[in-house]
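Shown next, in C-alpha cells, is the structure this report addresses.
We number each residue from 1, following the sequence as shown. None of the values given here were measured: they were computed from a predicted structure.
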Amino acid sequence: MTQQPLRGVTSLHFNQDQSCFCCAMETGVRIYNVEPLMEKGHLDHEQVGSMGLVEMLHRSNLLALVGGGSSPKFSDISAVLIWDDAREGKDSKDKLVLEFTFTKPVLAVRMRHDKIVIVLRNRIYVYSFPNNPRKLFEFDTRDNPKGLCDLCPSLEKQLLVFPGHKCGSLQLVPGTVVASASQKGTLIRLFDTQSKEKLVELRRGTDPATLYCINFSHDSSFLCASSDKGTVHIFALKDTRLNRRSALARVGKVGPMIGQYVDSQWSLASFTVPAESACICAFGRNTSKNVNSVIAICVDGTFHKYVFTPDGNCNREAFDVYLDICDDDDF
C-alpha cells in the first residue's frame, strides 16, 4: 500500500505471516515486530536514500527495495534491488546482491521462499528466487495503476492473483480461495479458484470507497478490510451466521434491486482509524478461543490493536505511535 508521504512514510506492507511490517520512508527503511510492537531494525538515509517500496521475505535477512521519494540513492523507480543484511561489507552497496531492472516503474513486489513477483502497470513478471533467478512467467494485465497483485506465501499452495483483461475480472494462477472487492469498494466477494463459483458476498457499506487492504485470518475463519472511510471491517467466513444482516431481511420477499442489498452480509464488527490516513490491517495472535484481534498500521505513524468476540463486541486493546519507537541497532 502506497500513499503520498505522511510523516515521511511512503508505503507500508506486512511480511508473509503478518508478524512484522516494513515501512518505506523518505529517511530510509524501518522494520517492526507486530506483537509486541518494537522496531527490529532500520536502514538509514545514508545507507539507502529515500524509499518508495520495501518488501520483506518472512523474517529473513532479505529485503526487496524500490527507490522513490525525493532523494533515492541507488536507482530510480524502475528497478528492484535485493538487500542481504547478512552479507558483510563496509559499503552499503556490498549488501546489494541482486537487481531486476525494467523500462517502466515498479508498482509492487511480492516474495516467498521460491519466487519473486514484480508488478508493472500493464505486466507482471515471476522469477525463481533467490538463487540464480530466472524468469518463469510473464503476464499481461489490464491497466493496473495501483499494482494490485498477491502471492500465496505457502510453498504447498501455488496461487497468484492479479487483475484480468476485463474490468472486474481476475487472473488466477492455481489456488483455493480468493477475495476481491467491487469497483465501488462496497462489496467483497470470495470465490473458489477451482470452480470459479462465488462462495459468499460481504458488504462493506453503501458509499463508494477505496479499499486499502484485505486479509484472511490465519485459520481463514475471518476476513478484515480497510478503506479510505477510516473504518476496518471484520467478517466471519467459517460461520457466516455471525455476520449482520439488514433488518429488511426479516420482511420477506422484496424487489430484485433491493433484494441484492438485503441478502448481503454485513461485518460482525468494525472499528475506526484516522480517515485521512491510509492503513493496512491483519489478524493478530488469538488471546483465547473466543477472542480474536485485528491490527491496523497507518501511514500517519499510528498502531491500533482491537480485540473482538464472535458476538460482535469490539474494543481497543492497544494504541501506539510506531514512528516514535526507535532501535539503536541497524537492521
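Salt bridge absent: K73 and E46 never bring a charged side-chain N and a carboxylate O closer than 4.0 Å. Ionic pairing of K95 and D84 is not present here: no N-O contact between side-chain nitrogen and carboxylate oxygen is shorter than 4.0 angstrom. Under a 4.0 Å N-O distance rule, the pair R87/D94 does not qualify as a salt bridge.
Side chain of T186 to main chain of T206: no donor-acceptor pair is present (N/O by atom type, distance under 3.5 Å, no hydrogens or angles). Within the 3.5 Å criterion, the main-chain N or O of S267 finds a donor-acceptor partner in the side chain of R244. Not one N or O on the side chain of Q16 forms a donor-acceptor pair closer than 3.5 Å with the backbone of C152. A distance-only check finds no donor-acceptor pair linking the side chain of S277 to the backbone of P274 [under 3.5 Å]. Here the side chain of D311 pairs a donor or acceptor atom with the backbone of N313 at under 3.5 angstrom. Not a single donor-acceptor pair under 3.5 Å links the side chain of S217 to the backbone N or O of F283. For S128 (side chain) and K115 (main-chain N/O), no donor-acceptor pair under 3.5 Å exists by modelled atom type.
Of the N and O atoms on the side chains of S293 and R285, not one donor lies less than 3.5 Å from an acceptor on the other residue. Side chains of N15 and S19: a donor-acceptor N/O pair is present below 3.5 angstrom, by distance only. Between the side chains of H45 and S50, no donor-acceptor pair of N or O atoms lies under 3.5 Å. In this structure, a donor-acceptor pair under 3.5 Å is present between the side chains of N33 and R59. Between T231 and H233, the side chains place no donor N or O within less than 3.5 Å of an acceptor N or O (distance only, hydrogens not considered).
Not a single side-chain hydrogen bond (donor to acceptor under 3.5 Å, both in side chains) links T103 to another residue, sequence neighbours left out. Partners of D320 according to the side chain to side chain contact (heavy atoms under 4.5 Å, CB included) rule, which considers only residues two or more places apart in sequence or in another chain, are L37, F303, I325. When the side-chain hydrogen bond (donor to acceptor under 3.5 Å, both in side chains) test is applied to R189, the partners found at least two apart in sequence or on another chain are E201. In this structure L151 satisfies the side chain to side chain contact (heavy atoms under 4.5 Å, CB included) test together with R110, R112, V117, L160, sequence neighbours excluded. Taking the side chain to side chain contact (heavy atoms under 4.5 Å, CB included) definition, one finds that A282 meets it with F14, Q18, N215, sequence neighbours left out.
Note on ring orientation: taking the six-membered ring where Trp is involved, the planes of F162 and F139 are tilted (angle from 30° to 60°). The aromatic rings of F21 and Y322 stand perpendicular to each other, their planes meeting at an angle above 60°, with 30° marking the opposite boundary. Classification of the F308-F222 ring pair by plane angle, with boundaries at 30° and 60°, yields perpendicular.
Y306 and V291 fall into different hydrophobic clusters, where Ile, Leu, Val, Met, Phe, Trp and Tyr residues are linked whenever their side-chain heavy atoms come under 4.5 Å apart, directly or through other members. There is a path of hydrophobic side-chain contacts, each under 4.5 Å, that joins V106 to V97. L107 and L148 fall into different hydrophobic clusters, where Ile, Leu, Val, Met, Phe, Trp and Tyr residues are linked whenever their side-chain heavy atoms come under 4.5 Å apart, directly or through other members. Tracing side-chain contacts under 4.5 Å through hydrophobic residues (I, L, V, M, F, W, Y), one reaches V9 starting from I297; they form part of the same cluster. Taken together through direct or relayed side-chain contacts under 4.5 Å among Ile, Leu, Val, Met, Phe, Trp and Tyr, L81 and M51 form part of one hydrophobic cluster.
With rounding to the nearest 0.5 angstrom, the NZ atom of K146 is 8.0 Å from the OH atom of Y212. One distance of note links OG of S226 with CZ of F271; it measures 8.5 Å at 0.5 Å rounding. In this structure, OG1 on T101 lies 3.5 Å from CD on E99, to the nearest 0.5 angstrom. Note that the NZ atom of K40 and the OH atom of Y32 stand 13.0 Å from one another [nearest 0.5 Å].
In this structure, T302 and V273 have side chains that are not in contact, with every pair of non-hydrogen atoms separated by 4.5 Å or more.
Pairs engaging residues 217-239 under the salt bridge (Lys or Arg N to Asp or Glu O under 4.0 Å) rule: D239-R241 [sequence neighbours left out].
The distance between the ring centers of F102 and Y125 falls below 6.0 angstrom.
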